[in-house]
Number of protein chains: 2
Amino acid sequence: MADTPIYQLVKDALRARIESGALVTGDMVPGEEQLAADFNCSRLTAHRALRELADEGLVVRKRRAGTQVAARGSGVLIRIPSVREEIEGRGVAYRYELLACRHAVPGAAISEALSVDAKGRHLNVVGRHWAGNRVFQHDTRWINLIQVPAALEADFSTVSANQWLLENVPSSSVDHEISALAADARAATALEVEPGTALLRIERVSHLGQNAITHAAMLHPGALFSLKSERR
Amino acid sequence: MADTPIYQLVKDALRARIESGALVTGDMVPGEEQLAADFNCSRLTAHRALRELADEGLVVRKRRAGTQVAARGSGVLIRIPSVREEIEGRGVAYRYELLACRHAVPGAAISEALSVDAKGRHLNVVGRHWAGNRVFQHDTRWINLIQVPAALEADFSTVSANQWLLENVPSSSVDHEISALAADARAATALEVEPGTALLRIERVSHLGQNAITHAAMLHPGALFSLKSERR
DNA sequence: GAGTGGTCTAGACCACCCG
DNA sequence: GGGTGGTCTAGACCACTCT
């Protein structure tokens with residue numbers, strides 16, 4: 001019948017009680033021993049169910065104090081899809097266009113974001129992502145050549161810098177910042193929109209250990225771009 | 001010394017091998033038996049380490065085929081903080097201002113998003129969140145009174161609708177959409193910015209089971225708002 | 001002190017799937 | 001068929017924290 005794992009049954013049962021309102025924020029959830037008895041399973045199985053619910057943020061566990069329903073998320077997680085996925089997912093033809101790929105010294109703002117004092121030795125890659133005959137995204141990327149010397153040998157005319165970095169350079173953490181801004185003359189030309197059009201800007205800095213690997217500024221015409229959410 | 005759990009040691013060791021590039025996408029990761037032997041622990045402990053790494057998306061596990069390093073994430077998760085947290089986190093005074101709270105019939109766009117045919121029976125709550133003396137966010141919210149009759153008795157002048165809903169109404173899923181748009185006259189007035197200013201717009205629809213609970217449209221002056229990222 | 005969660009072991013059976 | 005991961009048990013010890 002039910003070949004769903006027991007720990008999953010326990011999770012589902014508790015989640016149902018929380019989502020239905022039978023258990024509300026602060027209420028005590030049955031302990032591991034109790035659940036083990038209720039579901040006729042071992043304590044470890046009950047423990048796993050509670051641990052996973054805690055990982056998902058639905059409950060809070062404290063020694064001695066037991067497990068209680070967590071305050072509902074003050075934050076939400078959303079997913080930023082890869083450009084290519086996003087475009088092809090809409091059934092539109094995807095194309096990447098390389099606009100520039102050169103050695104250059106990043107400006108002050110970028111240098112600071114990358115926290116490098118070593119001026120120079122950076123690769124600046126600029127490109128556009130097309131969705132059919134419209135510009136979907138414009139990228140300006142800086143790659144730290146001291147950290148990623150292999151970037152010199154990559155051919156960014158066939159693969160976007162974004163994709164190449166994802167596939168070839170490990171990173172330990174990535175920071176994002178999303179903001180809105182009005183297109184200046186340069187951005188308007190690059191995106192083929194009217195100056196003053198609202199743009200969505202995503203800034204991304206990735207690190208490996210203590211070292212900044214790359215900085216990317218991505219611009220979207222506001223009307224084109226959206227982000228879909230996730231659980232939690 | 002190290003009272004860190006064994007499964008955590010195993011995870012850290014494997015994560016280090018992946019992030020350092022010693023193991024790259026597609027490479028095989030040692031199996032459970034092997035790790036159990038290497039770390040002198042039980043198979044379950046090794047299993048837990050691998051399972052959690054798989055949950056985090058770093059590896060992919062297949063029966064018989066073993067565990068291999070996953071292709072690096074084509075997507076990224078970012079966190080949307082609660083407004084209040086975000087403002088107070090910056091050390092600025094937070095204040096919520098209720099602008100309107102009335103029964104009304106949502107327009108076509110909202111009705112569709114809420115997927116309700118039942119016109120009417122909705123509560124429309126409009127408010128502003130202040131960060132010091134600047135408008136940080138403007139909310140327009142629709143609450144399905146059939147699903148959430150208790151909203152009639154809530155006092156939205158002291159608690160923001162957002163917060164009240166989080167604390168009092170369970171939900172099973174939440175969808176978000178982020179876009180950029182230029183402020184029209186109304187939005188400019190509400191946010192106290194110049195018309196045409198780029199705004200960040202977050203649209204949020206929450207559900208309980210099959211039923212849409214609430215729809216919220218949140219507007220930010222572009223320069224004020226940013227979102228910080230998360231792991232994975 | 002006592003009760004809760006956190007971790008761990010040794011052993012077991014099953015499901016899946018590649019060769 | 002056999003090796004891999006997926007799940008489960010029974011029992012154990014420890015750490016933390018509330019009373």
Side-chain angles (χ1 to χ4, degrees), chain A residues 1-18 22-71 231-232, chain B residues 1-18 23-71 73 231-232:
Chain A
M1 303 285 158
D3 53 351
T4 54
I6 301 176
Y7 76 89
Q8 190 64 51
L9 293 177
V10 179
K11 283 179 67 176
D12 290 346
L14 292 176
R15 179 179 278 119
R17 279 197 238 174
I18 293 173
L23 291 174
V24 300
T25 302
D27 282 359
M28 295 304 301
V29 171
E32 300 184 354
E33 302 263 26
Q34 186 59 50
L35 287 173
D38 292 350
F39 287 83
N40 195 32
C41 64
S42 76
R43 205 197 111 197
L44 184 63
T45 302
H47 171 75
R48 178 169 174 186
L50 288 174
R51 176 164 45 82
E52 294 193 358
L53 288 174
D55 287 345
E56 292 167 20
L58 268 89
V59 302
V60 174
R61 315 196 70 194
K62 277 185 222 138
R63 290 178 151 116
R64 171 73 204 189
T67 301
Q68 42 183 328
V69 178
R231 78 220 120 109
R232 222 192 276 196
Chain B
M1 293 294 156
D3 53 351
T4 54
I6 302 175
Y7 76 89
Q8 190 64 49
L9 293 177
V10 178
K11 282 179 67 176
D12 291 346
L14 292 176
R15 179 179 279 119
R17 279 196 238 174
I18 293 173
L23 290 175
V24 299
T25 302
D27 281 0
M28 294 305 300
V29 171
E32 300 184 355
E33 302 262 27
Q34 185 60 49
L35 288 172
D38 292 350
F39 287 84
N40 194 31
C41 65
S42 77
R43 204 197 113 198
L44 184 62
T45 302
H47 171 75
R48 179 170 174 186
L50 288 175
R51 176 164 45 83
E52 294 192 359
L53 288 175
D55 287 346
E56 292 167 20
L58 267 89
V59 301
V60 174
R61 316 195 70 193
K62 276 185 223 140
R63 290 179 149 114
R64 171 73 204 186
T67 301
Q68 45 184 328
V69 178
R231 80 219 120 110
R232 224 192 274 197

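Quick note on labels: first sequence line is chain A, next is B, and so on, each numbered from 1.
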Engineer: Apply the side-chain contact (heavy atoms from CB on, under 4.5 Å) test between A:T67 and each candidate in A:V60, A:L14, A:L50; give the one that qualifies.
Structural biologist: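 The residue from A:V60, A:L14, A:L50 that satisfies side-chain contact (heavy atoms from CB on, under 4.5 Å) with A:T67 turns out to be A:L50.
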Engineer: Nearest 0.5 Å please: distance from the CG atom of A:N40 over to the OG1 atom of A:T45.
Structural biologist: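 Answer rounded to 0.5 Å: 10.5 Å.
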Engineer: Between A:T67 and C:dG5, does any side-chain N or O lie under 4.0 Å from OP1 or OP2?
Structural biologist: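 For C:dG5, OP1 or OP2 has a side-chain N or O of A:T67 closer than 4.0 Å.
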Engineer: Before you tell me yes or no, could you show the steps for A:R48 and A:K11 under side chain to side chain contact (heavy atoms under 4.5 Å, CB included), namely the whole-Å CA-CA distance, both residues' side-chain angles and the distance that decides it to 0.1 Å?
Structural biologist: CA-CA 9 Å; A:R48 178 169 174 186; A:K11 283 179 67 176; over 6 Å; no
Engineer: With the threshold set at under 4.0 Å for non-hydrogen atoms, list the residues of residues 45-54 of chain A touching DNA chain C in residue-number order.
Structural biologist: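 A:H47, in order of number.
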Engineer: Tell me, with the steps shown, if B:L44 and A:L44 meet side chain to side chain contact (heavy atoms under 4.5 Å, CB included).
Structural biologist: CA-CA 11 Å; B:L44 184 62; A:L44 184 63; 3.7 Å; yes
Engineer: Between C:dA12, D:dC13, D:dT9, spot the one nearest the side chain of B:R43, thanks.
Structural biologist: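 Nucleotide nearest to B:R43's side chain: C:dA12.
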Engineer: So, do A:V10 and A:L53 sit near enough that their side-chain heavy atoms are less than 4.5 Å apart?
Structural biologist: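 They are not in contact (no side-chain heavy atoms under 4.5 Å apart), so the answer is no.
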Engineer: Just how far, in rounded Å, is P of C:dT7 from CD1 of B:I6?
Structural biologist: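 Atom CD1 in B:I6 sits about 11 Å away from atom P in C:dT7.
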Engineer: To the nearest angstrom, how far is B:E33 atom CD from D:dG5 atom P?
Structural biologist: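 Roughly 8 Å, once rounded to whole Å.
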Engineer: Please report, rounded to the nearest Å, how far the P atom of C:dT9 is from the CD atom of B:E32.
Structural biologist: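 Result: 13 Å.
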Engineer: Give the rounded distance in Å between these two atoms: CD of B:Q68 and P of D:dG3.
Structural biologist: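 About 20 Å, once rounded to whole Å.
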Engineer: Of the non-hydrogen atoms in B:R61 and B:R51, which two are nearest, and what is the gap between them?
Structural biologist: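 B:R61 and B:R51 have their closest heavy atoms at NH1-N, 3.9 Å.
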Engineer: For B:L44 and D:dT7, give me the distance from atom CG to atom P, rounded to whole Å.
Structural biologist: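 It works out to 11 Å between those atoms.
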Engineer: Let me spell it out: for each of A:S42 and B:P30, pick the nucleotide of DNA chain D with the closest heavy atom. Which residue's pick is nearer the 5' end?
Structural biologist: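 The residue closer to the strand's 5' end, by nearest nucleotide, is B:P30.
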Engineer: Rounded off to whole Å, could you give me the CE-to-P distance for the A:M28 and C:dG3 pair?
Structural biologist: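 Distance, rounded to whole Å: 15 Å.
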Engineer: I want to check something: taking the side chain as every heavy atom from C-beta on, are A:R17 and A:P30 in contact at a cut-off of under 4.5 Å?
Structural biologist: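 Result yes, sub-4.5 Å side-chain heavy-atom pair found.
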Engineer: Rounded to the nearest angstrom, tell me the gap between atom CD in B:Q8 and atom C1' in C:dT7.
Structural biologist: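 Distance, rounded to whole Å: 12 Å.
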Engineer: Taking OP1 and OP2 of D:dC8, is either one under 4.0 Å from a side-chain nitrogen or oxygen of A:Y7?
Structural biologist: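 Looking at the OP1 and OP2 atoms of D:dC8, neither is under 4.0 Å from any side-chain N or O of A:Y7.
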Engineer: Identify the pairs formed between an N or O of the protein and an N or O of nucleotides 14-19 of chain D at a distance under 3.5 Å, and give each distance.
Structural biologist:
| residue | atom | partner | partner atom | Å |
| --- | --- | --- | --- | --- |
| D:dA15 | N3 | A:R63 | NE | 3.3 |

Engineer: What's the shortest heavy-atom distance between B:A46 and B:A36, and which atoms?
Structural biologist: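 Where B:A46 meets B:A36 most closely, the heavy atoms are CB-N, 4.0 Å.
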Engineer: Taking atom CZ of A:R43 and atom CD of A:E32, what is their separation to the nearest 0.5 Å?
Structural biologist: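 Here the rounded value is 4.5 Å.
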Engineer: Rounded to the nearest angstrom, tell me the gap between atom CZ in A:F39 and atom C1' in D:dT9.
Structural biologist: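 From A:F39 CZ to D:dT9 C1': 17 Å.
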